[in-house]
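As structure tokens, the structure follows; a few thoughts come after it.
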Amino acid sequence: MLYFWIHTVWIPGVAFLFGFQGFPVRSVDMQRATDNITIRQGDTAIIRCYVDDKVSRVAWLNRSNIIFAGQDKWSLDPRVDLVTKGQLEYSLRIQKVDVYDEGSYTCSIQTKQQPKTSQVYLIVQVPAIIYKVSEDIVVNEGSNVTLSCLANGRPDPVITWRLLNPSAEPLEGEEYLDIIGIMRNQAGRYECKASNDVATPDVKYVNVIVNYPPTIKKAQSSETPVGRMGMLHCDATAVPTPEFEWYRDEKRLSNTQGISIQILGTTTILMIANVTEEDYGNYTCVASNRLGVQNASLFLYRPGTGRDINGSASVSQSLWLLLASFACLFFKC
């Protein structure tokens, strides 16, 4: 008898009855007979339906599929069950909701007068997840760089980029961040954030190292009396870290008796113990890496001669610039 009622009375009338509004069927989550319920993937959804004692038959449908007919479960999904409190509630519970649960659900009842329905559309949201991001990279200054950050979610996530320097201002870019002619001050840790307000944003990072030739930032000469220790300082910035050499006139200096060369990262110190008259004069600090070379002239001088204690720096062309110059001369550009 139940099977006959469902197939001869209820299902043919469902399409017409979906739009009916009125009691005794109603949802505690909505003010209309058709409404949306939004749920996050993995959570539990309860679709409310209330009846009164005039109801003779009641059932739940998902699209055109029967889920429950009265207390009889037609669905094979173990996540789905009924929530009933006495005879007045006939709500549908779906545990661990997934995207394929999205769609329309209909609570349909049969009273002595006529069938009535209440329809709800279940919307399943998925937190934003970054599934692919660029690997850490090393590039030369002036190169063009593209960083990628791909994410999915429901609704579609918004992707933003930041360079985590002191200002950490947003950058113009979404899935792909293009950096044209990257400069050394654009090196660092880049943050990609994907968000769609469903859950905490997903965040990934890309480290970008920018190689550039040496630049000598400080060349400090020394005013030293005879018999004292003279110290010449040379500071350079470069990536990769520069190698240092010291020269006196055309002669390369090394650690020998009376001379000590220290290299501490991007700083080198030439120490001359027990300075003599022959030690006074011009010294050259040379900083180099595979991208270029720069040198600076420093002076060890006796007190009262009036030389500039900061010395003077002279720039050697970077290797790439020298090659470019030779090519330009060859082709008469």
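Each residue takes its place number in the sequence, starting with 1.
The shortest side-chain heavy-atom distance between Thr84 and Gln71 falls under the 4.5 Å cut-off. Proximity of Thr284 to Leu298: side-chain heavy atoms (C-beta onward) are nowhere separated by under 4.5 Å. Between Asn289 and Thr241 there is no side-chain heavy-atom pair separated by less than 4.5 Å. Using a 4.5 Å cut-off on side-chain heavy atoms (C-beta onward), Leu147 and Asp178 make no contact. Side-chain contact between Tyr280 and Phe299: absent, with no pair of heavy atoms (C-beta onward) separated by less than 4.5 Å. Using a 4.5 Å heavy-atom cutoff, the side chains of Ser148 and Glu175 are not in contact. Between Val206 and Asp136, some side-chain heavy-atom pair lies under the 4.5 Å cut-off.
The main-chain N or O of Asn65 is never found under 3.5 Å from a side-chain atom of Asn62 such that the two would form a donor-acceptor pair. Judged purely by atom type and a 3.5 angstrom limit, Asp249 has no side-chain atom pairing as donor or acceptor with the backbone of Lys251. A donor-acceptor pair under 3.5 Å is absent between the side-chain atoms of Thr268 and the main chain of Phe244, judged by distance alone. Between the side chain of Trp60 and the main chain of Tyr90, a donor-acceptor pair closer than 3.5 Å is present. Of the possible polar contacts, one joining the Lys73 side chain to the Val80 backbone as a donor-acceptor pair under 3.5 Å is found.
For the atom pair CG (Asp77) and CD (Gln95), the distance works out to 10.0 Å, reported to the nearest 0.5 Å. Within the model, atoms CD1 of Ile47 and CD1 of Ile67 stand 7.0 Å from one another, a figure rounded to the nearest 0.5 Å. Interatomic distance, Leu122 CG to Ile39 CD1, rounded to the nearest 0.5 Å: 7.0 Å. Rounding to the nearest 0.5 Å gives a distance of 11.5 Å between OG of Ser75 and CG of Leu61. We find the SG-CD1 distance between Cys192 and Ile130 to be 4.0 Å, quoted to the nearest 0.5 Å. In this structure, Glu89 CD and Ile46 CD1 are separated by 8.0 Å, a value rounded to the nearest 0.5 Å.
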(request) Take Tyr121 and Gln119, measure what side chain to side chain donor-acceptor pair (under 3.5 Å) needs, and give me the verdict at the end. (result) CA-CA 7 Å; Tyr121 195 91; Gln119 185 179 15; over 6 Å; no
(message) Working note: Leu92 + Val83, criterion side chain to side chain contact (heavy atoms under 4.5 Å, CB included); need CA distance, chi angles, decisive distance, verdict.
(response) CA-CA 6 Å; Leu92 184 68; Val83 176; over 6 Å; no
(request) Report the C-alpha separation of Ser143 and Asn140 in whole Å, then their side-chain angles, then the decisive distance to 0.1 Å, and conclude whether the side chain to side chain donor-acceptor pair (under 3.5 Å) test is met. (result) CA-CA 6 Å; Ser143 302; Asn140 292 339; 5.4 Å; no
(request) Check step by step if side chain to side chain contact (heavy atoms under 4.5 Å, CB included) holds for Arg252 and Glu245. (result) CA-CA 7 Å; Arg252 181 179 175 181; Glu245 295 176 350; 3.5 Å; yes
(request) Begin with the C-alpha distance, continue with both residues' side-chain angles, and end with the deciding distance and a verdict on side chain to side chain donor-acceptor pair (under 3.5 Å) for Gln41 and Asp98. (result) CA-CA 5 Å; Gln41 183 185 42; Asp98 212 333; 2.8 Å; yes
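Remark: Asp197 pairs with no residue by the side chain to side chain donor-acceptor pair (under 3.5 Å) rule, at least two apart or across chains. Under the rule for a side chain to side chain donor-acceptor pair (under 3.5 Å), the partners of Asp101 that lie at least two apart in sequence or sit in another chain are Arg79.
No hydrogens or angles considered: nothing links the side chains of Glu141 and Asn211 as a donor-acceptor pair under 3.5 Å. With hydrogens and angles left out, the side-chain atoms of Glu278 and Thr276 include a donor and acceptor closer than 3.5 Å. Using modelled atom types and a 3.5 Å distance limit, the side chains of Thr267 and Asp235 yield a donor-acceptor pair. Counted by atom type alone, Ser222 and Thr224 present one or more donor-acceptor pairs between their side chains at under 3.5 Å. Side-chain polar atoms of Tyr205 and Arg189 form no donor-acceptor pair below 3.5 angstrom. A donor atom on one side chain and an acceptor atom on the other are not found under 3.5 Å apart for Thr266 and Thr237.
Electrostatic pairing of Arg302 and Glu277 counts as a salt bridge here, judged by a charged N lying under 4.0 Å from a carboxylate O. By the 4.0 Å N-to-carboxylate-O rule, Asp81 lies close enough to Arg93 to be salt-bridged with it.
Leu150 and Val126 are not part of a single hydrophobic cluster, where members link through side-chain heavy atoms under 4.5 Å apart. Val133 and Val145 fall within a single hydrophobic cluster, where Ile, Leu, Val, Met, Phe, Trp and Tyr are joined by side-chain heavy atoms under 4.5 Å apart, directly or via other members.
Within 6.0 Å of CD in Gln186 there are more than 12 heavy atoms belonging to other residues, nucleotides or ligands.
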Between side-chain atoms of residues 154-163 and protein atoms elsewhere (two or more places apart, or another chain), which donor-acceptor pairs fall under 3.5 Å?
unit_1	atom_1	unit_2	atom_2	d
Arg154	NH2	Glu102	OE1	2.8
Arg154	NH2	Glu102	OE2	2.7
Trp161	NE1	Glu174	O	2.7
Arg162	NE	Glu191	OE1	2.9
Arg162	NH2	Glu191	OE1	3.1
Arg162	NH2	Glu191	OE2	3.2

